[in-house]
*Asks:* 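Could you have a look at this structure, given as structure tokens, before my questions?
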Amino acid sequence: MADRIGLVGGTVFHHQDFFKEAEKEKIETSFGPAMVVLTDRLVYVPRHGMGDDLYILPHKINHPANFSALKKLEVTEVIGINSTGSLKISLSPGTVVLPHDYICFSGVATAVQDKSKHIIPTLSQEVRSRIKAAAEATGVELVDRGVYWQTPGPRLETQAEIKLLADYADIVGMTMASEAMVAQELGLEYASICSVDNYAHGLSPTPLKEGEIGAKAAANAEKIYKIVQAYLDLKPLK
């Protein structure tokens with residue numbers, strides 16, 4: 001179990017070939033239950049749920065339970081796969097970004113309950129380096145730096161908000177910062193592969209449509225699948 005890699009993803013990614021013969025398991029934690037999907041190489045957490053009739057909205061995800069389940073299953077390193085909007089014209093939809101930092105001022109998740117603990121927020125440099133190596137091995141182009149700004153959701157951002165965010169960050173989403181913070185609090189090595197699925201509201205001359213976001217996420221999933229496959233061939237962190 002200790003050699004399994006943790007993987008946290010959305011509704012598109014859990015249809016990949018990794019999970020054809022996977023087993024679902026409900027893990028009880030002190031923060032509540034978490035549903036995971038187990039293979040011989042992965043512990044996968046579907047952050048938005050597994051069924052089409054039940055979608056867990058971003059602001060309702062139980063991040064402490066999800067990452068406590070990974071820790072309980074002896075996972076030490078975790079890759080997040082996160083859908084994002086681009087805040088820069090140069091980062092077009094279809095781009096894959098490996099963020100190096102993040103901003104989050106609202107909807108802050110935490111696994112700290114009854115003691116004082118102040119982490120110095122960071123993304124795992126070890127996992128980031130391994131993701132970069134895996135991308136290079138597969139020939140998938142990866143932007144290896146970027147600042148992620150987390151907004152609370154579930155709505156998208158206004159044009160005025162996007163103008164403000166774009167002065168300080170490169171991509172915007174609703175989940176990654178929470179995952180990074182909780183993972184670090186629990187002692188797990190975490191970094192993210194971000195799929196750029198759309199230009200943020202107001203960047204493109206054409207109106208933003210929700211259906212187009214999902215279509216681009218599905219296309220990017222194939223690239224990210226290749227990176228994760230190559231990552232699994234690397235020796236796990238200890």
Side-chain angles (χ1 to χ4, degrees), residues 6-15 29 31-37 44-70 78-87 93 96-97 99 101-112 121 123 146-159 161-162 164-166 168-186 188 190-203 208-218 220-221 224:
L7 190 65
V8 184
T11 53
V12 172
F13 202 77
H14 63 68
H15 297 297
T29 78
F31 298 97
M35 182 62 67
V36 302
V37 180
Y44 177 67
V45 176
R47 69 167 70 87
H48 296 293
M50 290 292 292
D52 294 333
D53 57 340
L54 175 62
Y55 182 87
I56 303 171
L57 291 165
H59 64 296
K60 293 186 175 181
I61 296 171
N62 190 341
H63 297 287
N66 288 344
F67 282 84
S68 292
L70 291 172
V78 186
I79 300 171
I81 300 167
N82 302 86
S83 175
T84 66
S86 172
L87 296 170
V96 180
V97 178
D101 206 350
Y102 59 86
I103 299 170
C104 180
F105 293 127
S106 61
V108 177
T110 182
V112 177
L123 293 162
V147 175
Y148 176 110
W149 190 311
Q150 180 169 308
T151 57
R155 69 167 177 86
L156 297 177
E157 303 76 28
T158 68
Q159 291 189 31
E161 289 167 342
I162 291 301
L164 172 65
L165 271 55
Y168 303 95
D170 304 291
I171 49 179
V172 59
M174 303 177 188
T175 55
M176 192 212 82
S178 291
E179 292 177 354
M181 288 183 283
V182 170
Q184 191 175 350
E185 288 174 344
L186 293 174
L188 301 178
Y190 173 94
S192 168
I193 305 172
C194 287
S195 170
V196 178
D197 299 330
N198 59 282
Y199 280 120
H201 190 193
L203 259 70
L208 181 60
K209 297 180 180 179
E210 185 176 2
E212 294 175 358
I213 298 174
K216 186 59 68 174
N220 270 0
I224 296 171

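The figures that follow rest on heavy atoms only: side chains count, while hydrogens, waters and symmetry mates do not.
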*Asks:* Measuring only between side-chain heavy atoms, which start at C-beta, is Met50 closer than 4.5 Å to Ile56?
*Replies:*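 Heavy-atom side-chain distance check fails, nothing below 4.5 Å.
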
*Asks:* Looking at Phe31, is its backbone amide N or carbonyl O close enough to the side chain of Asn62 to form a donor-acceptor pair, meaning the two atoms are under 3.5 Å apart?
*Replies:*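 Checking the backbone N and O of Phe31 against the side chain of Asn62, a donor-acceptor pair under 3.5 Å is found.
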
*Asks:* What heavy-atom pair brings Ala65 and Ala34 nearest, and what distance separates the two atoms?
*Replies:*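 Smallest interatomic distance, heavy atoms only, reads O-CB, 3.6 Å.
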
*Asks:* What orientation do Tyr55 and His48 show, parallel under 30°, tilted 30 to 60°, or perpendicular over 60°?
*Replies:*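 The arrangement is parallel - the two ring planes meet at less than 30°.
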
*Asks:* Does the side chain of Tyr190 pick up a donor-acceptor pair with the side chain of Glu179 at under 3.5 Å?
*Replies:*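 Judged by distance alone, the side chains do pair up.
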
*Asks:* Asn66 and Val45: which non-hydrogen atoms are nearest, and at how many Å?
*Replies:*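 Closest approach of Asn66 to Val45: CG-CG1, 3.5 Å.
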
*Asks:* What's the spacing between Leu186 CG and Thr29 OG1 if we round to 0.5 Å?
*Replies:*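 Spacing of CG (Leu186) from OG1 (Thr29) equals 9.5 Å.
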
*Asks:* For a quick test of reading the model, state the closest non-hydrogen atom pair linking Val78 to Leu7 and the distance between them.
*Replies:*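 Closest approach of Val78 to Leu7, heavy atoms only: CG1-N, 4.4 Å.
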
*Asks:* Strictly distance-based, threshold 3.5 Å: is any side-chain N or O of His59 a donor or acceptor partner for the main-chain N or O of Pro152?
*Replies:*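 No, the answer is negative, given that no donor and acceptor are paired below the 3.5 Å cut-off.
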
*Asks:* Just how far is it from atom CG of Asp170 to atom SG of Cys194, taken to the nearest 0.5 Å?
*Replies:*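 Taking CG in Asp170 and SG in Cys194, the distance rounds to 10.5 Å.
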
*Asks:* One pair to check against side-chain contact (heavy atoms from CB on, under 4.5 Å): Val8 and Thr175. What are the steps and the verdict?
*Replies:* CA-CA 10 Å; Val8 184; Thr175 55; over 6 Å; no

*Asks:* Shortest non-hydrogen contact from Thr84 to Tyr148?
*Replies:*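 For Thr84 versus Tyr148, the nearest heavy atoms are CG2-CE1, 3.6 Å.
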
*Asks:* Do Gln150 side-chain atoms and Ser178 backbone N/O form a donor-acceptor pair below 3.5 Å?
*Replies:*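 Flag set: sc Gln150 to bb Ser178 pair under 3.5 Å.
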
*Asks:* Which atoms form the tightest heavy-atom contact between Pro121 and Tyr102, and what is the distance?
*Replies:*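 Between these two residues, the closest heavy atoms are CB-OH, 3.2 Å.
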
*Asks:* Can you tell me how far CG of Leu203 sits from OG of Ser86, rounded to the nearest 0.5 angstrom?
*Replies:*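 The distance works out to 6.0 Å.
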
*Asks:* Return the set of residues passing ring pair (Phe, Tyr, Trp, His ring centres under 6.0 Å) with Tyr168 (not counting sequence neighbours), or none when no residue passes.
*Replies:*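 Scan of Tyr168 (ring pair (Phe, Tyr, Trp, His ring centres under 6.0 Å), adjacent residues dropped) gives none.
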
*Asks:* Do you know the tightest heavy-atom contact between Pro93 and Tyr199?
*Replies:*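 Of all heavy-atom pairs spanning Pro93 and Tyr199, the closest is CD-CE1, 3.5 Å.
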
*Asks:* I need the Glu185 CD to His63 NE2 distance, nearest 0.5 Å.
*Replies:*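 Spacing of CD (Glu185) from NE2 (His63) equals 12.0 Å.
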
*Asks:* Mind running side-chain contact (heavy atoms from CB on, under 4.5 Å) on Arg47 and Asn82 for me, showing each step along the way?
*Replies:* CA-CA 10 Å; Arg47 69 167 70 87; Asn82 302 86; 3.1 Å; yes

*Asks:* With rounding to the nearest 0.5 angstrom, report the CG to CG distance, Leu164 to Leu87.
*Replies:*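 That separation rounds to 10.0 Å.
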
*Asks:* Calculate, to the nearest 0.5 Å, the distance between atoms CG and CE belonging to Leu123 and Met176 respectively.
*Replies:*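 Result: 4.5 Å between the selected atoms.
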
*Asks:* Pair Thr151, Glu157 - check side-chain contact (heavy atoms from CB on, under 4.5 Å), show working.
*Replies:* CA-CA 8 Å; Thr151 57; Glu157 303 76 28; 2.7 Å; yes

